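The next block holds one structure in the form of structure tokens; read it before the comments.
Convention: sequence-line order gives letters A, B, ...; per-chain numbering from 1. If you're wondering where the values come from, they're calculated on a predicted model, not measured in any experiment.
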Protein chains: 4
Amino acid sequence: MQMIIIMKENASAKQIEAVESKLGEFGFQTHPIYGEKKTIIGAIGDKRALSMNQVLMMEGVDNVVPIMRPYKLAGKELQKEPTVIHVKGVTIGGDNLAVFAGPCAIESQEQFTGVARAVQAAGANILRGGAFKPRSSPYSFAGLEDEGLKIMANAGKELNMPICTEVLDTREVELVAEYADIMQIGARNMQNFKLLREVGKYNKPILLKRGLSSTIEEWLMAAEYIMSEGNEQVILCERGIRTYETSTRNTFDVSAIPVVKELSHLPIIGDPSHAAGTSKYVPAIAKSAIAAGADGLMIEVHNCPEKAMSDGEQSLRPSEFSQLMSELAPIAGAVGKKL
Amino acid sequence: MQMIIIMKENASAKQIEAVESKLGEFGFQTHPIYGEKKTIIGAIGDKRALSMNQVLMMEGVDNVVPIMRPYKLAGKELQKEPTVIHVKGVTIGGDNLAVFAGPCAIESQEQFTGVARAVQAAGANILRGGAFKPRSSPYSFAGLEDEGLKIMANAGKELNMPICTEVLDTREVELVAEYADIMQIGARNMQNFKLLREVGKYNKPILLKRGLSSTIEEWLMAAEYIMSEGNEQVILCERGIRTYETSTRNTFDVSAIPVVKELSHLPIIGDPSHAAGTSKYVPAIAKSAIAAGADGLMIEVHNCPEKAMSDGEQSLRPSEFSQLMSELAPIAGAVGKKL
Amino acid sequence: MQMIIIMKENASAKQIEAVESKLGEFGFQTHPIYGEKKTIIGAIGDKRALSMNQVLMMEGVDNVVPIMRPYKLAGKELQKEPTVIHVKGVTIGGDNLAVFAGPCAIESQEQFTGVARAVQAAGANILRGGAFKPRSSPYSFAGLEDEGLKIMANAGKELNMPICTEVLDTREVELVAEYADIMQIGARNMQNFKLLREVGKYNKPILLKRGLSSTIEEWLMAAEYIMSEGNEQVILCERGIRTYETSTRNTFDVSAIPVVKELSHLPIIGDPSHAAGTSKYVPAIAKSAIAAGADGLMIEVHNCPEKAMSDGEQSLRPSEFSQLMSELAPIAGAVGKKL
Amino acid sequence: MQMIIIMKENASAKQIEAVESKLGEFGFQTHPIYGEKKTIIGAIGDKRALSMNQVLMMEGVDNVVPIMRPYKLAGKELQKEPTVIHVKGVTIGGDNLAVFAGPCAIESQEQFTGVARAVQAAGANILRGGAFKPRSSPYSFAGLEDEGLKIMANAGKELNMPICTEVLDTREVELVAEYADIMQIGARNMQNFKLLREVGKYNKPILLKRGLSSTIEEWLMAAEYIMSEGNEQVILCERGIRTYETSTRNTFDVSAIPVVKELSHLPIIGDPSHAAGTSKYVPAIAKSAIAAGADGLMIEVHNCPEKAMSDGEQSLRPSEFSQLMSELAPIAGAVGKKL
């Protein structure tokens with residue numbers, strides 16, 4: 001634990017002394033540097049008992065600069081090599097690209113298995129689908145719930161593919177964990193800390209979507225929550241952030257991919273469907289994510305988008321998905337990945 | 001239910017017909033207008049079975065414009081006069097200003113009751129405090145939990161003031177409801193739809209903070225969730241939105257106050273403490289909120305901000321709070337409110 | 001000039017030495033602090049020859065933290081008391097509120113003088129109007145240009161009021177300066193550095209609008225540009241920033257008022273008309289700005305907004321403006337200002 | 001010209017009639033649709049005399065929805081096939097990738113020609129460099145100006161490469177046009193309408209950077225300004241937009257590439273250097289832009305970034321640039337482009 005305290009220009013000797021004394025109390029060594037105008041104090045200690053805010057509140061203090069990043073398990077300090085997750089024969093992270101595909105909402109066994117077969121044939125290796133759906137209107141279809149979980153599980157068994165689905169409520173984690181191979185935390189729940197802690201208690205990969213307006217640091221702190229409970233199998237998923245631009249539903253932050261690769265050992269995939277909000281831009285964004293170094297993609301596919309009960313306009317048809325997969329292959333090759 | 005369908009410039013007669021036919025199937029009356037370049041179709045119906053997206057996906061369709069707002073209970077269609085909430089002798093909405101004050105986190109009975117007495121003396125009429133704290137780091141102090149609820153309740157009883165505290169988890173609503181007079185949904189949970197539904201089942205006012213990057217429409221839809229379960233006592237709270245500006249922690253969206261007043265009958269208060277992130281800007285923002293027509297304020301006050309276990313840097317000292325209250329009074333008077 | 005250099009965790013002794021040596025070369029004294037994990041180097045010097053970026057590029061360097069703010073003339077280091085500007089008998093800054101009012105575009109002598117008389121009667125003390133208009137479409141009305149300047153000047157002379165109008169082009173500064181008492185730099189030109197330098201050469205107050213997505217620091221640096229040419233009569237104007245929220249055209253950043261008051265001695269006014277984009281929210285935002293401590297307002301008023309050639313929907317009618325002025329008076333009084 | 005007028009729920013028959021009558025006056029045909037709750041009026045006309053705002057201001061009107069996009073020359077209505085620009089033997093648009101490379105600021109003939117040779121050897125086909133530099137501080141190096149233009153021109157002639165440089169001021173367009181093969185409008189000047197009109201008078205390609213917080217529609221309207229003066233050789237350049245995320249200087253909006261490709265026939269390139277603000281993320285972003293369908297790149301390269309007088313931290317070394325070019329080739333191939 002290290003921090004730098006920047007004193008105000010007119011800070012008195014007494015104020016500087018008070019800060020040093022306070023830091024000393026908490027076991028910090030202090031190193032003042034007296035500038036012409038401002039004094040700064042370097043502080044070194046290993047205790048977390050003193051928060052930066054407490055120092056910031058002291059008289060004469062202008063700013064406190066932390067030296068260490070706030071996350072430990074999600075960062076590279078303790079683990080330098082990339083995390084590779086294995087789930088039912090599929091590898092996430094490393095040289096393999098993981099492709100999660102399926103419809104936004106699960107509507108029936110026939111619909112789901114039909115789409116599942118099509119995406120498997122095109123090269124997807126993980127099934128995705130929504131049984132519990134977070135909907136912005138209380139009057140919208142909120143998913144088949146338990147029934148949806150069973151439908152997914154049936155398809156997963158039949159096609160021998162792992163399944164990934166979202167969990168919304170701490171009370172439902174146990175149920176979802178029974179069926180899902182990978183549990184998803186949606187963007188709106190990225191800072192639902194109780195839910196993060198709950199899924200952290202399971203020995204099952206967690207797909208953690210980035211919050212709509214979360215910084216990368218907050219996102220890694222959300223991963224830290226899950227990991228701090230013992231579950232280190234976290235997969236990050238960039239799905240677009242909220243900006244002023246309205247021609248896409250959200251702005252896909254492609255730079256988040258190299259930034260996460262620099263800061264963390266966790267795998268990161270891209271979700272072009274939710275970012276774009278319309279299927280027409282999905283292929284271009286999907287390609288950009290792979291070219292930027294993503295470990296995979298999550299793509300919505302529906303056999304009949306016009307009739308989808310949720311998010312149809314952003315779903316690819318199976319034939320479009322198949323076409324995209326064939327176009328992705330050479331890009332994957334160009335960045336040293338296998339599709 | 002009304003919508004306008006805008007066809008693409010090159011839409012064929014067959015595509016236009018297909019859209020009309022689909023709308024007809026769902027019980028809509030259609031009214032095409034053939035422009036020189038584009039055809040638009042007005043559609044009138046009263047069924048919610050057809051989603052805009054399903055129309056949007058049809059060939060030849062360029063855009064679909066909804067005519068009605070998505071919320072009903074939170075809007076003014078069914079209720080024109082402002083909602084006024086009564087809780088333990090305090091009125092929220094109408095001509096009275098409600099002032100929620102207290103420390104960010106509850107630390108001990110002595111601390112809490114001490115602050116409570118001070119804010120009551122200065123004119124606050126509702127106590128606020130955090131028993132369950134959402135913290136961005138899993139290693140930070142997360143509140144005294146049950147113990148904190150009891151401390152608040154004791155102070156509330158002693159001082160005869162209603163208490164307001166945050167609930168984070170569907171599993172804890174019952175517990176929090178036992179102690180709190182007003183339950184708070186925090187910014188990070190504004191779209192935790194399961195939690196919204198859960199608190200909607202109680203007959204108790206809900207303070208609903210605006211999400212960090214929520215639009216006003218999404219915020220009113222979150223209120224709609226609570227109301228759709230039967231609980232219509234929702235108090236909105238503007239607490240700053242996320243923007244690129246970093247000189248304040250968030251940007252207090254003062255315009256949200258007149259916008260909400262135009263769109264909804266629900267009361268709205270302002271939280272300058274979380275918006276500013278530093279106590280020095282709290283008075284100016286508090287005054288601006290009242291001048292803009294807010295129904296009250298939520299302000300963090302701590303007897304010793306330097307030692308606060310959470311968010312000390314944004315807390316006013318009791319003397320500063322008292323000073324602010326006396327400065328607010330003439331502004332309240334100027335906009336026809338009583339403090 | 002002071003900065004702190006934070007070295008990477010694995011920085012070698014040689015890299016640390018190289019940084020110290022480079023800093024020494026440029027006349028800085030260096031003070032290393034060796035932490036358990038990271039070394040930080042405090043550097044004190046008075047030369048601007050070395051940029052932070054040059055240090056940032058060196059091997060082993062993780063980050064460079066500046067200690068001093070980048071502006072000098074716009075900050076409070078050299079001038080602590082508030083700047084008060086006097087123009088044709090009107091005072092901007094200090095205890096008086098300056099109210100700039102008038103139509104967005106100047107359309108005719110009759111229209112302009114008519115509005116001018118009405119706003120003067122209601123208490124406005126400065127006339128505003130657009131002769132050169134920045135329009136987002138090349139096909140929109142771009143102002144009466146020279147003719148518009150003359151119309152404004154006539155009205156100003158007749159009513160004995162100073163006039164304020166925007167200048168868009170370095171080639172037109174001389175012309176505008178001939179007629180205008182205050183020259184305005186619009187939001188879109190806030191970082192048109194050549195134009196800033198040009199108006200900085202005149203001995204005439206400059207109204208500097210905040211850029212649509214400018215930070216407060218960038219805004220003060222824009223003021224610094226003008227001041228560095230010798231013209232220290234800069235009036236800042238908050239007019240809303242671009243965010244994701246669409247219910248107002250821009251988001252009025254009311255906190256910018258106390259932030260600017262803390263960082264700078266320059267006067268700051270608010271422009272609720274451009275922020276809201278619709279007249280219905282103008283009164284609430286205007287009140288909030290005054291309550292937050294603004295030194296004045298700029299408000300669009302049009303005698304017949306339905307027929308305005310530009311921005312009619314955000315203009316108040318003279319009667320609405322008059323009503324607003326009477327409502328503002330007690331708020332002004334509450335914050336110690338005269339209207 | 002077509003628009004839809006949505007009346008308020010309580011609009012009276014008289015108000016509806018007044019709107020129809022006003023539209024009729026301006027030569028519009030009107031088509032009212034009477035819904036259960038709201039009336040909408042479709043209006044078809046070909047005159048631009050009536051602005052949407054004038055209708056929006058009328059009593060009883062809730063909203064006005066435009067049916068046509070505001071740009072004509074920049075859109076695909078009049079020109080469907082992609083614009084391909086030829087400049088000194090280099091093709092921009094179509095199947096060839098254009099790579100603009102060079103240092104941020106021009107510092108000396110030796111420096112510039114050195115970098116120029118290196119980037120040419122690595123495969124760049126256009127030289128970029130700053131002679132007039134927009135700097136956020138008035139005290140920073142603002143470029144060599146005329147001298148810089150000559151240096152660039154010398155290098156361009158020696159290496160037989162077209163040169164691209166920024167123009168900041170209407171007064172300097174003539175001078176810059178004398179030397180530059182492509183004139184650049186920087187992000188900060190994207191809505192400097194006078195400058196746009198001025199460069200529109202030259203028969204020379206214009207590189208138009210997207211404004212820091214400009215929507216894609218505003219960007220295309222800026223192109224429209226240039227084109228409306230007769231110069232249709234506009235190259236768009238995505239360079240990152242301002243968001244709340246701080247781990248990159250700006251957020252590279254990779255989706256802007258497919259969006260522009262859908263809306264416009266103009267070529268679009270990506271500038272990863274300014275978006276990232278640090279060289280370490282430049283390769284990943286450059287690859288993402290090409291994969292998403294960009295027509296080229298603009299990349300900063302400096303032979304000695306540690307000593308660069310401007311933006312050194314975002315410049316690649318020649319060896320890094322050369323490495324990137326070789327990694328880009330297979331991605332270009334995968335999307336059907338030649339590098």
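The distance from atom CG of L168(A) to atom NZ of K194(B), rounded to the nearest 0.5 Å, is 6.0 Å. Atom CG of D169(B) is separated from atom CG of N192(A) by 7.0 Å, given to the nearest 0.5 angstrom. Atoms OG and OH, from S137(B) and Y71(A) in turn, are 12.5 Å apart once rounded to the nearest 0.5 Å.
The two residues S228(A) and Y139(B) come nearest to each other via the heavy atoms CB-OH, 4.0 Å. Closest heavy-atom contact between P138(B) and E224(A): CG-CG, 3.8 Å.
A salt bridge links E218(A) with R242(B): the closest approach of a Lys/Arg side-chain nitrogen to an acidic carboxylate oxygen falls below 4.0 angstrom.
Both the backbone and the side chain of R135(A) come within less than 4.5 Å of a heavy atom in chain B. F132(A) touches chain B through its side chain: at least one heavy atom from C-beta onward sits under 4.5 Å away, while N, CA, C and O do not. Only the side chain of E172(A) has a heavy atom closer than 4.5 Å to any heavy atom of chain B. Within the 4.5 angstrom heavy-atom criterion, only side-chain atoms of E198(A), from C-beta onward, approach chain B.
Most heavy-atom pairs under 4.5 Å with chain A, from the set E217(B), Q191(B), M227(B): that is Q191(B). Ranked by heavy-atom pairs shorter than 4.5 Å toward chain B, the options G186(A), S213(A), S279(A) are led by S213(A). For the options A142(B), S315(B), P305(B), heavy-atom pairs under 4.5 Å to chain A are most numerous at P305(B).
In the displayed structure, R69(B) atom CZ is contacted under 6.0 Å by at most 12 heavy atoms of other residues, nucleotides or ligands.
Side chains of K133(B) and F193(A) form no contact here, defined as non-hydrogen atoms less than 4.5 Å apart.
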